[in-house]
Visitor: 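Structure provided below as structure tokens; questions to follow.
Residue numbers begin at 1 in each chain, while the letters A, B, ... track the order of the sequences. Since this is a predicted model, take the numbers as computed values, not measurements. Reckoned from all heavy atoms, side chains included, excluding hydrogens, waters and symmetry mates.
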There are 2 protein chains.
Amino acid sequence: MKEGPDIARLGALIGDPARANMLTALMSGKALTASELASEAGVTVQTASSHLSKLESGGLIHPRKQGRHRYFSLADDDVGGVLESLMGLAAKKGHMRTRTGPKDPALRQARVCYNHLAGERGVQMFDSLKTRKFLVETDEVLNLTKRGRAFVEDLGIDISNLSTNRRPLCKSCLDWSARRSHLAGALGTALLDRFYDLGWAAREPGTRIVNFTKNGEVAFLKTFGG
Amino acid sequence: MKEGPDIARLGALIGDPARANMLTALMSGKALTASELASEAGVTVQTASSHLSKLESGGLIHPRKQGRHRYFSLADDDVGGVLESLMGLAAKKGHMRTRTGPKDPALRQARVCYNHLAGERGVQMFDSLKTRKFLVETDEVLNLTKRGRAFVEDLGIDISNLSTNRRPLCKSCLDWSARRSHLAGALGTALLDRFYDLGWAAREPGTRIVNFTKNGEVAFLKTFGG
DNA sequence: ACAATGCTTCGGTTAGCATCGAAGTATGAA
DNA sequence: TTCATACTTCGATGCTAACCGAAGCATTGT
């Protein structure tokens, strides 16, 4: 029996190509069925089932039974954050798969990171919130100021609804393309959802790309400085 | 040929128990030799060598040749950050295991590194020489200034005798306990020898420990600032 | 010169695990 | 009930990579 440190188990889980494909697919934030994940990973459903049970017992994903389907999603924000930071490191080390398709620039500009906005747009929003003192970072903990709270409520977000949750309101997440931080946590999710509702942006189906509409881009730039 | 996403390669690198042990050992910030890492990982040096070359070509660690040793350290802060986040996730999932204990305190304070002084004393001496501009480091090359030369000669060391040797006069050596540098090279050797001659310190037989006498400690602190 | 130390490379063995076919369970539809 | 879909479990196979012994290379010390 081989005993390694804690991170070895996590690394081995992420280290298998099939499982890594599944996890990156789940980074879109959508819950996917076992069959869908199998085709994403390019393996049969039996193999996928084996992988999924390992990921589940490893605490990386969380199943939700619904009818005769099982929907899988990432276990929590921390898992998404770790995967994001791993992608960032991989990109920096030049091991990035060089499929320079048209998708790549779009991914860099705006994409979902599990359930919040990432990419240049996400970094821009984060910086804007910090320079205007809506967000302050003290002792590595992010806090929303009173003025920030007012700003967010002006956008039409119900803060009290979020703060009841045990999930942290504000959290910084290291970006994959830029090496800067963007906003994660409940507020990050709420903001992205609000952008959808306002018609500023929409998801490109089947990918992690977030497409901003013409009016949405104008409004976003006006709101988060240029 | 199996092609997975970028993070799979990183995951696989971290996923092997031996490599994970090496990486966690390097998380201390210290640079370690291949042999030390082998014993940390519980494998033979041949196996360790194979692992280390993989970690190096994966961009996770960075080698630094020094004499007949190769010191390895984490490539950059980003690698440490990713490992840290992985440990955090593993701890959260409850797979945490406590790790290696401390080493001999006497060794940390003052010891020989081949033939020069290492440990906290060595680092202190090195820092003192640099802040007083007796040593300057340009382009990763250490040079003794004129004032430094005078200072060393005042201690009773014959510089001209050393400079004839093909061995470099000044060389920085990465410390084992602190992760700072100390002075190696012909001058480092000469200084330690001079300490012996002056009766400031003596070797503890059979070990690498250097014991300072009471008077020697006072003189050392006076000479190299405290 | 010679020996000793630190590390790497080569070759062959072995263990683990991903993989898929086939059979089994569960849910939903006709 | 009977069939179809979604998924899991079992068993067998095959490939990868970790592992160590032995030999080779490089540096240092005597």
Visitor: Grab the CZ-P distance between A:Phe72 and D:dA6 for me, whole Å please.
Guide: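 Taking atom P of D:dA6 as the reference, CZ of A:Phe72 is at 14 Å.
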Visitor: Tell me whether the OP1 or OP2 atom of D:dC19 has a side-chain N or O from B:His51 closer than 4.0 Å.
Guide: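 So the side chain of B:His51 is within the cut-off, an N or O lying under 4.0 Å from OP1 or OP2 of D:dC19.
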Visitor: Who passes salt bridge (charged side-chain N to carboxylate O under 4.0 Å, His left out) against A:Lys30, sequence neighbours left out?
Guide: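 Testing A:Lys30 for salt bridge (charged side-chain N to carboxylate O under 4.0 Å, His left out), a comparison that skips the adjacent residues, returns none.
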Visitor: For B:Arg132, enumerate each residue passing the side chain to side chain contact (heavy atoms under 4.5 Å, CB included) test, keeping only those at least two apart in sequence or located in another chain.
Guide: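 Expected list: B:Ser128, B:Phe134, B:Phe151, B:Phe224.
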Visitor: Over how many whole Å does the gap from B:Arg64 atom CZ to C:dG6 atom P extend?
Guide: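 In whole Å, C:dG6 P lies 19 Å from B:Arg64 CZ.
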Visitor: Looking at C:dA18, C:dT19, D:dA18, which one has an atom nearest to any side-chain atom of B:Lys54?
Guide: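 Of the options given, the side chain of B:Lys54 lies nearest D:dA18.
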Visitor: Nearest to the side chain of B:Ala34, heavy atoms from C-beta on, is which of D:dT8, C:dT8, D:dC19?
Guide: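 Between D:dT8, C:dT8, D:dC19, the one nearest the side chain of B:Ala34 would be C:dT8.
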Visitor: Could you check how far CG of B:Leu52 sits from P of D:dA18, rounded to whole Å?
Guide: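 Taking CG of B:Leu52 and P of D:dA18, I get 12 Å after rounding.
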Visitor: Using whole Å, what does the distance between atom P of nucleotide C:dA18 and atom CE of A:Met22 come to?
Guide: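 Value for this atom pair: 11 Å.
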Visitor: Please, which pairs that meet salt bridge (charged side-chain N to carboxylate O under 4.0 Å, His left out) have at least one residue in residues 210-221 of chain B, sequence neighbours excluded?
Guide: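 The answer is B:Arg121-B:Glu217.
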Visitor: How do A:Val43 and B:Ala48 order along DNA chain C: which one's closest nucleotide is nearer the 5' end?
Guide: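 Counting from the 5' end, the first nearest nucleotide belongs to B:Ala48.
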Visitor: Looking at every heavy atom in both B:Ala18 and B:Ala41, which two are closest together, and how far apart are they?
Guide: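 What the structure gives for the nearest pair is O-CB, 3.5 Å.
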Visitor: With a 4.0 Å limit, can you tell me whether B:Thr47 has a side-chain N or O closer than that to the phosphate oxygens OP1/OP2 of D:dC19?
Guide: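 No.
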Visitor: Quick one: ring pair (Phe, Tyr, Trp, His ring centres under 6.0 Å) partners of A:Tyr114, sequence neighbours excluded?
Guide: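 With neighbours one apart ignored, the set is empty.
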Visitor: Using the side chain to side chain contact (heavy atoms under 4.5 Å, CB included) criterion, which residues pair with B:Val218? Sequence neighbours excluded.
Guide: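 None.
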Visitor: Kindly assign one of parallel, tilted or perpendicular to the pair B:Phe220 and B:Phe212, based on the angle between their ring planes and the thresholds 30° and 60°.
Guide: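 Perpendicular, since the angle between the ring planes exceeds 60°.
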Visitor: Could you check how far NE2 of B:His116 sits from C1' of D:dG29, rounded to whole Å?
Guide: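 To the nearest whole Å, that distance equals 16 Å.
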Visitor: Nearest whole angstrom, please: distance from the C1' of D:dA17 to the CG of A:Asp16.
Guide: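 Rounding to the nearest Å, CG of A:Asp16 and C1' of D:dA17 are 14 Å apart.
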Visitor: Classify every nucleotide of nucleotides 21-30 of chain C by which part a protein heavy atom approaches to under 4.0 Å, writing B for the base, S for the sugar-phosphate alone and - for neither, in 5'-to-3' order.
Guide: BB----BS--
Visitor: Atom CG of A:Leu13 to atom C1' of C:dA18: distance rounded to whole Å?
Guide: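 Going from CG in A:Leu13 over to C1' in C:dA18 covers 14 Å.
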Visitor: Check every strand shown and say whether A:Thr33 touches a base, only sugar-phosphate, or nothing at a heavy-atom separation below 4.0 Å.
Guide: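 Contact class for A:Thr33: sugar-phosphate only.
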Visitor: Using whole Å, report how far CZ of B:Arg70 lies from C1' of D:dT28.
Guide: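 These atoms are roughly 18 Å apart.
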